[in-house]
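Because the structure is predicted, anything quoted here is derived from the model rather than measured.
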Amino acid sequence: MLDDQDRISEGESDQPVKRISLARQTVRRFFRNRGATLGLVILLLLIATAIFAPYLAPYDPFEVRPNRLEPPSSEHLLGTDRLGRDLLSMLIHGSRISLQVGLVAVGIAMIIGTMLGLLAGYLGGWVDNVIMRFMDILLAFPGLLLALVIIAVLGTGLFNVMIAIGIASIPTYTRLVRGDTLSVKENEYAVAAHAQGASALRIMIRHILPNVVAPIIVMATLGVAGAILASAGLSFIGLGPSPPSAEWGAILAQSRVYIRRAWWLLAFPGMAITITVLSINMVGDGLRDALDPQLKE
Amino acid sequence: MTTYIAKRLLSIIPTMLGVAILVFFMLHMTPGDPARAIAGLEADAAQLEAIRESLGLHNPLHIQFRDFILGALRGDMGRSFRTRVVVTEEIFGRMPATIRLALAGMVLAVTFGVAAGVLAAKYHKHIFDNIVMVIAMFGVSMPGFWFGLMLIFFFAVNLGWLPTSGAGTWRHLILPSMALGIRAAAVLARLARSSMLEVMKKDFVRTARGKGLSESVVLYHHVLRNSLIPVVTIVGLQFGRLLAGTVIIEQVFSWPGLGSLLIRSLMARDLPMVQGIVLYMALAFVLVNLAVDLFYSVLDPRIRYS
């Protein structure tokens, strides 16, 4: 892994041609992976769905109609809910929420986690100690528990769910970046930059960050999938957006009681979550294999 | 080894203290008045004041914190704001149900996950490997609570084989533990497979084959044993996820454990109860991870702690 990163950085400094070919190799490796390519196609379709949701949805997702709990038909492809709302339209609008939650939560975690990891790894000493002991405390909360406590503090709602998942995911990025920073900062170019009098901030951002960015990208991609799952779960237990909401987990929560009468209300929202998370996971796995060929079996 | 265990046990103390401090201050600095939550909207100022008095909420924050830590050290987490019962009693009353669920989920996950991963590695590049990996990919991508709902739909509502919710008999345990364990099973299957494939490339495996050992001896004695270390590491982490996962799965199956209590207490701003549950769950997680670390030396005699 290190070798590979070294090569990338060498190419960056004096041989731009080589760098392009390496990037192209990565792209080629990614697209040679059928699962990753399929995942990317599905993901792009989902993103397009989210962007053009108002044009794609056959009905207004919140418009109440008399035909309640209608099974899937040519008129309502995925059926209607207890208020006669069109499920397909709700799911299409819900894709916006899910992708947004994933991106915002991961954005928070990645930015704060990476900064803390760079600081801890590069500065070492008491800074490292303080940051990492704090991360140990955060890591002592299993799974979603920290996010639950944060929601208890902030209150329920979609925005707070994003923040809670984001904060709860910080330690994973900090650990990853710190570990990589520790090894990268010993490289000659980092030492040389230090000898030339470059400031710590400049070394961290210009010399270290570019060389630890590949694993961050992989982790962030898989993190989006994890955040979407987590937010669906939190919405399902009633901590997410208040109704009416097209959030997929919230639709499932409202549909629970109709498990005997309206299977479509339970089956399709769950499938929407699964397909979205699946496509992002496939892209993430593909990126990992493409960026780090040595990991590949 | 004994020194190592003692050292690790001691290192739990600052971590748990940190967790306690963090949880206490986060929960006590939140907006919203627990007295109001208990008394309801009609209560007048005097009633609210009386409730605050009885809960110790009128004390300055540092006094409340001191009382909380001193109590917690004696195993006293105070009384529930909502029901006035002793927090630890309520927690211990519900803990067995959650532990039963988490253990059942873990056993399912480890058994089926590791077995599927090992077999997938054994039949690498055969159709079996592909099938297992596709299922595992779905397993890590599917919300566990939704899988639980689908299980209820098929096995309880439609086929009527198993109860839809509640606890009591072993039949109540089947669906919730499947819903809880599916993700961990998928994670373990993927990891066990890649770890096995990794070890299979090692020289000692070729040597073992070269000696003329049978394929199953090579696979189960040489490869499996050496590929278990990353698997065991992840088991510890997955246990934590599983423990926290009970919070959601218990809601799906109306399972009378800590998770459903936590959500109810959280909604009612029942601070002592939330603190107590979170602290016990974190403690269980930290202890399981310690046990996992110690288990390494059993698996790999080269790892000796001093």
Counting only heavy atoms from other residues, nucleotides and ligands, does the tally under 6.0 Å from [atom1] of [X] exceed 12?
X	atom1	result
A/Arg175	CZ	no
B/Phe138	CZ	no
B/Tyr123	OH	no

Would you say the rings of B/Phe25 and B/Phe65 are close, in the sense that their centroids are separated by under 6.0 Å? yes

Region of [X] that comes under 4.5 Å of a non-hydrogen atom in chain A:
X	answer
B/Phe145	side chain
B/Val134	neither
B/Val252	both
B/Val19	both
B/Leu27	both
B/Ile248	both
B/Met16	neither
B/Leu262	side chain

Look at [options] and state which one has the largest set of heavy-atom pairs under 4.5 Å with chain B.
options	result
A/Leu146, A/Leu266, A/Thr276	A/Leu266
A/Ser279, A/Ala225, A/Ala253, A/Ala267	A/Ala267
A/Leu144, A/Ile151, A/Asp136, A/Leu148	A/Leu148

Using only heavy-atom distances, determine whether the side chains of [X] and [Y] contain a donor-acceptor pair under 3.5 Å.
X	Y	answer
A/Asn129	A/Arg133	yes
B/Ser141	A/Asn281	yes
B/Thr98	B/Glu250	yes

[X] portion near chain B, given a 4.5 angstrom heavy-atom threshold:
X	result
A/Ile275	neither
A/Ala140	both
A/Arg256	side chain
A/Ile280	neither

Please rank B/Leu279, B/Leu243, B/Leu22, B/Ile152 by heavy-atom pairs under 4.5 Å with chain A and give me the top one. B/Leu22

Between [Y] and [X], is there a salt bridge with N-O shorter than 4.0 Å?
X	Y	answer
B/Arg264	B/Asp270	no
B/Asp293	B/Arg8	yes
B/Asp129	B/Arg193	yes

